[in-house]
Amino acid sequence: MRAQQIFRAWSPVRARQQVAEDTYWLELEAAEIAAAAAPGQFVMVGFGMRGWGVPFLPRPNSVAAVLGERIGLLIRVFGGGSRRLAGLRPEDEVLLLGPLGTRFQLGGAKAVLCVAGGVGLAPFLLLPRWEPLKRSGAEVRLLYGERGAAAVFDPDKIRELTGLDPEIWTEDGSLGRQGRVTAGLDLKGVDLVLACGPPPMLKAVRALALEAGVPCQLAVEEHMACGVGTCIGCAIETVDPETGEAGYSLVCSDGPVFAAERLRW
Amino acid sequence: MRAQQIFRAWSPVRARQQVAEDTYWLELEAAEIAAAAAPGQFVMVGFGMRGWGVPFLPRPNSVAAVLGERIGLLIRVFGGGSRRLAGLRPEDEVLLLGPLGTRFQLGGAKAVLCVAGGVGLAPFLLLPRWEPLKRSGAEVRLLYGERGAAAVFDPDKIRELTGLDPEIWTEDGSLGRQGRVTAGLDLKGVDLVLACGPPPMLKAVRALALEAGVPCQLAVEEHMACGVGTCIGCAIETVDPETGEAGYSLVCSDGPVFAAERLRW
Amino acid sequence: MVDLSMDVFGVEFQNPVMLASGTCGYGEEYADLIAVDELGGIVTKAVTPEARAGNPPVRITETPGGMINAIGLANVGLEGFKREKLPWLRDNLRRAHVLVNVAGWSVDDFVKVVAGLDEQDGFLGYEINVSCPNVEGGTMFGTDELALAQLVGALRAATQRPLVIKLTPNVADIGLFAQICEDNGADGLSAINTFPGMVIDVEARRPVIGNVTGGISGPAIRPMGVYATWKVASRVELPVIGIGGICNARDTLEYILAGAALVQIGTAMFVDPYTAPETIEGLREICARQGVDKLAHLVGALEA
Amino acid sequence: MVDLSMDVFGVEFQNPVMLASGTCGYGEEYADLIAVDELGGIVTKAVTPEARAGNPPVRITETPGGMINAIGLANVGLEGFKREKLPWLRDNLRRAHVLVNVAGWSVDDFVKVVAGLDEQDGFLGYEINVSCPNVEGGTMFGTDELALAQLVGALRAATQRPLVIKLTPNVADIGLFAQICEDNGADGLSAINTFPGMVIDVEARRPVIGNVTGGISGPAIRPMGVYATWKVASRVELPVIGIGGICNARDTLEYILAGAALVQIGTAMFVDPYTAPETIEGLREICARQGVDKLAHLVGALEA
Ligand SMILES: Cc1cc2nc3c(=O)[nH]c(=O)nc-3n(C[C@H](O)[C@H](O)[C@H](O)COP(=O)(O)OP(=O)(O)OC[C@H]3O[C@@H](n4cnc5c(N)ncnc54)[C@H](O)[C@@H]3O)c2cc1C
Ligand SMILES: Cc1cc2nc3c(=O)[nH]c(=O)nc-3n(C[C@H](O)[C@H](O)[C@H](O)COP(=O)(O)OP(=O)(O)OC[C@H]3O[C@@H](n4cnc5c(N)ncnc54)[C@H](O)[C@@H]3O)c2cc1C
Ligand SMILES: Cc1cc2nc3c(=O)[nH]c(=O)nc-3n(C[C@H](O)[C@H](O)[C@H](O)COP(=O)(O)O)c2cc1C
Ligand SMILES: Cc1cc2nc3c(=O)[nH]c(=O)nc-3n(C[C@H](O)[C@H](O)[C@H](O)COP(=O)(O)O)c2cc1C
Ligand code: FES
Ligand code: FES
């Protein structure tokens, strides 16, 4: 039996809105998942056996908000699956499975640096739901990088959802500071780094944190089918930090949040 | 080269409405097809390569109305394909190919009896667009049978679309006369019978008409892929009325309207 | 009340719906999502003599109407299975039957697993994976008449338990391979395993799958699975377990009419973990509507 | 300007996109819908020595991500083809190349068609259908090593024109059959034809298809087709024509990267007759974006 119960539910779309270039905000009614989800966790979003097509398999997406009995998803269009999700309208229903996977672990950290690349922003939008953080009163900084201004999720909306003032970086300098978000990585005084975004970004964050000796957790992605550990499909190379032994872990159930030193990168 | 040009066009849904049990009325904007379609002809309705799934192949559907630049379709839900068509909403687009197939032939007929079973009503709703009929001023009667009242397309709407007063038959007697529509087949004074509906009905109409020596044309159905005669998939058994030789004809291009005596039933 | 039970391998299956090997872990993984013990049964992930880490990522991706997988037979191995997995199956599945899927690269490998498990409790019999297209050489037994005959014979000598051979569709005449299994003492046949396939990332100009090729499963292969089941059931007397793209009760009936006494659901469980219980419910409804009081009467009832 | 041309069989194809046999009639049927002469080429519906009426209905139905067909090689026959179809091809296709698909039930049948056509104008060469799973015995050449070798040898002796053998995927090792074709004088290979399949109407308890079984095509089989193309191209030197589930330029590139010099689009033309011209346009766009100035450079460029 798992530590946390997994819910499976047909879930009506309640709101959908374009929030940036190729990027959409979806709100789904899913009371049980909303009540249980924590930052870092995800849901599998699919169409069950009703009207399947593209996508056939459900798609993993981070829980990006809990708004009463709704969850919010931040979806960027890559291929056919995310395109269909982005095109959903109120009246439509999706099949949800969740909450799934591991969560960020605060431990005793007092100064947390969150690094988001692209829609890797999603799990950090859920920070207000992080119980350990509320209890500890730790300080949180959020860095958020995108290619250009058109792709940036509205900073005001980020403030509204999280209470945090995001520090924005764009590669072309069209908004916020120019450069990659990893260029702004000042780990002084930081005692926990959390990151989510494209692999090159995660690798850079990981290298900087390991070098600085700052604890670091990364939320990673891999192709998934089941989302619950039965298909053994979402393997990622890891090392056992104690024995140094290399092997595979499952992103859906051992992750998506991994301690930086566990990833064999 | 074909006698009539075939158009292929992405076509926006302009209206959709449930009109009877499991039965929907769709209006699609398709100016070229609207301008050219004649009673008996059909369109292939599909989703192209965008978001395919179920249905994968397009589905044949009779042109049931021409309303300015729109065509109307009368769709009854049987399986996954018709269910998706029935669920379309304004904003959605479908891929249309048409007009396809043969049309009813009036010849010199002066008294035409139309026999419709179920959504076999569709081609007769297009009768106002039948040029030869308009010119000839022939008299038309429309018999329309359904299982029960819940399935009947509103007689007022039929009047509005066609100017005809349908004679309604239901198997359970819940509306109009009780019985099968073929029970009401009085061929006295009739010099042309047109029929569309389920095969048992068509066979009954055919037998009665052949017996009475009244010319009869049937609009038939068969599974289709291409709709334009390339796949040779929609074969139906026919006889050459002159040589008596048996063989196959293609419903999509030799039909869907066949002279009763050509069908090997 | 419709009777969905099937008498196969000398025992009663409460219904014909099993979960396919590699798609339900060792049962426990679905235990908090569905009532596993209400199913006809489950087939475990393949067990090999030693534990295996499996293939490098990417291991799975979607294909039209299905998916491709190259897990590489990642599994806990014979000892791991006995220690970590079998106890749960023994303690929790009272009515659902368990087949242990066995894979290997030599007759010895297969015999080692079967011999190592045969005295244990908690499972009914074996499903022999002679067709996994993912691991080099693994496809051999399933497409080589002589090797298959030897393997089945050796396994028959090693166990009295139900011995089911899982056929690969990747042959010209699947009936012939079914016949070989029957002639050499198998108790049943599963049809089908996945088709070899490949997906290419045209931007990176590389195969998407780490292992380059993988196996195709899901609805896309359902008509091939129904065909194979019909071919096999027409050829041999052994019970057939139909597999491939089953998503619901209607699909299950296709296989049963084609001659399957049991079926397995795989990929569709990823689309919706309720697929298996809803399929059982759906079988009850269709049988009731069609006036069928015992589903077993429909096995092979196709009029063709 | 991107160069999409391919030099194959000693001639230049203006682009690699052909229409597959049985899905474009004899070309004329699509002539008022698309500019057929702008394509790389077309493959005709199978031609047999005598005209054939084909199988009883139902001949086609949809399957998940594809379709099943059992047309039964309905065609106008050798004389009908020469009289009614070839003139149109000769008069209307100046740049698109034509392969005549040939089917039969004996070496003689095939030779008869090839010998009967060889002196005619209006086509480039032959595609030999040794794999049609619809007509009894028709599958034989494609799955029987000896019969295939004899057939290819006999046809080689009968013509100097390009001789392309269309392989069936219904074998354990398609590379082996490609090798046999190469060894016996073929000029090219088409991969793949359809997979045998079956669809059952569970209410009527009958096969949906009049012929009971049929061939599965469409996107559902694309990963199998890419795999087969890669296997064949890795095994032989002959040019390969990739077929199976191609819907657009991206899919075409999968086949080209796997080793195909040409491709054929079949089922997708039913979904949208503009598929072929849009695929050619799409190839231009992708090449331009990727900085590829000559598409031929990508043939077999997969890094695996
Ligand atoms: C734990 C987790 C959380 C995620 N959260 C979000 C989120 O909040 N917002 C968001 O926009 N995206 C998120 N993603 C990525 C999202 O799942 C992919 O963008 C999506 O699967 C791509 O599907 P597609 O059909 O659009 O693309 P395609 O490229 O057409 O997909 C083809 C196949 O590749 C797989 N695939 C492709 N890219 C990825 C990827 N990056 N990760 C996993 N599988 C992939 C698909 O699942 C599918 O099987 C998350 C992924 C994971 C694993
Ligand atoms: C010329 C013509 C005109 C038609 N006009 C109308 C119309 O105006 N309104 C309407 O509601 N229906 C009409 N039909 C029938 C309609 O095409 C079918 O109901 C529809 O194809 C069923 O598809 P499905 O996916 O809902 O059913 P499914 O049973 O899931 O379809 C499975 C497969 O069978 C084929 N199929 C099933 N039934 C039929 C059928 N009766 N005819 C042809 N193919 C079938 C489908 O095309 C598909 O390939 C017409 C058919 C033809 C040939
Ligand atoms: C992720 C995955 C893993 C699989 N692993 C195994 C395996 O270990 N042993 C085996 O015999 N079959 C394995 N299979 C094949 C399935 O058991 C089944 O035969 C196949 O998927 C077809 O059924 P489906 O279309 O319902 O999925 C696997 C399939 C998938 C999708
Ligand atoms: C309706 C239909 C008819 C076909 N007829 C032939 C044929 O006569 N000869 C042949 O070699 N292949 C025939 N095929 C196979 C196709 O040429 C092609 O190999 C197959 O459909 C796979 O390609 P696709 O997935 O793009 O359709 C036919 C396919 C279909 C769908
Ligand atoms: S997605 Fe199936 S094991 Fe992780
Ligand atoms: S539907 Fe293709 S020939 Fe009629």
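Every chain is numbered from 1 and lettered A, B, ... according to where its sequence line falls, protein lines coming before strand lines.
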Undergrad: For E261(A), is the CD atom crowded, meaning more than 12 foreign heavy atoms sit under 6.0 Å from it?
TA: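 Yes, because the 6.0 Å sphere around CD of E261(A) holds more than 12 heavy atoms from other groups.
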
Undergrad: Which atoms of L57(A) are under 4.5 Å from chain C, going by heavy atoms: the side chain, the backbone, both sets, or neither?
TA: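 Both backbone and side chain.
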
Undergrad: Of the backbone (N, CA, C, O) and the side chain (C-beta and beyond), which part of E222(A) lies under 4.5 Å from a heavy atom of chain C, both, or neither?
TA: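 Side chain of E222(A) only, per the 4.5 Å heavy-atom cut-off to chain C.
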
Undergrad: Assess whether a salt bridge exists between E28(C) and R2(A), defined as any Lys/Arg side-chain N lying under 4.0 Å from an Asp/Glu carboxylate O.
TA: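 Looking at E28(C) and R2(A), the cut-off is not met.
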
Undergrad: So with a 6.0 Å cut-off around CD of Q18(A), is the heavy-atom count from everything else above 12?
TA: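 Check passes, neighbour count above 12.
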
Undergrad: How close do T230(A) and E29(C) get, heavy atom to heavy atom, and via which atoms?
TA: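 Minimum heavy-atom contact is CG2-CB, 3.2 Å.
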
Undergrad: Of the non-hydrogen atoms in P57(C) and Y248(A), which two are nearest, and what is the gap between them?
TA: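 The answer is CD-CE2, 3.7 Å.
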
Undergrad: Would the number of heavy atoms belonging to other residues, nucleotides or ligands and lying under 6.0 Å from CZ of R129(A) be above 12?
TA: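 Counting neighbours around CZ of R129(A), more than 12 heavy atoms of other residues, nucleotides or ligands fall under 6.0 Å, so yes.
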
Undergrad: Could you pull out the closest heavy-atom pair between I60(C) and C231(A), with the gap in Å?
TA: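 So the minimum-distance heavy-atom pair works out to CD1-SG, 4.1 Å.
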
Undergrad: For the residue pair M67(C) and H223(A), establish whether any side-chain heavy-atom pair is separated by less than 4.5 Å.
TA: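 Result no, sub-4.5 Å side-chain heavy-atom pair not found.
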
Undergrad: Relative to chain A, which segment of T23(C) carries a heavy atom at a distance below 4.5 Å: side chain, backbone, both, or neither?
TA: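 For T23(C), the contact with chain A is made by the backbone alone.
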
Undergrad: Ion pair present between R8(A) and E278(C), side-chain N to carboxylate O less than 4.0 angstrom?
TA: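 Yes, this pair counts.
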
Undergrad: Is there a side-chain contact between F56(A) and T267(C) (heavy atoms, below 4.5 Å)?
TA: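 SC-SC contact between F56(A) and T267(C) confirmed.
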
Undergrad: Please list, one pair per line, the donor and acceptor atoms closer than 3.5 Å that link side chains of residues 29-49 of chain A to other protein atoms, with sequence neighbours excluded.
TA:
from, atom 1, to, atom 2, distance (Å)
E29(A), OE1, R14(A), NE, 2.7
E29(A), OE1, R14(A), NH2, 3.3
Q41(A), OE1, A38(A), N, 2.9
Q41(A), NE2, Q4(A), OE1, 2.8
Q41(A), NE2, G101(A), O, 2.8

Undergrad: Heavy-atom count around R250(C) CZ within 6.0 Å, excluding the residue itself: above 12?
TA: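 Yes, CZ of R250(C) has more than 12 neighbouring heavy atoms, counting only those of other groups under 6.0 Å.
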
Undergrad: Kindly compute the distance separating CH2 (W10(A)) from OH (Y274(C)), expressed to the nearest 0.5 Å.
TA: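 Reported value, rounded in 0.5 Å steps: 12.5 Å.
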
Undergrad: With a 4.5 Å cut-off on side-chain heavy atoms, are R59(C) and C234(A) touching?
TA: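 No; the side chains remain at least 4.5 Å from each other.
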
Undergrad: Using non-hydrogen atoms and a 4.5 Å limit, figure out which bit of I232(A) sits close to chain C: side chain, backbone, both or neither.
TA: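 For I232(A), the contact with chain C is made by backbone and side chain together.
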
Undergrad: Quick check: do L97(A) and P273(C) have side-chain heavy atoms less than 4.5 Å from each other?
TA: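 In short, these two side chains touch, coming nearer than 4.5 Å.
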
Undergrad: Could you report the tightest heavy-atom contact between L95(A) and D272(C), atom names first, then the distance?
TA: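 Shortest heavy-atom contact: CD2-CG, 3.4 Å.
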
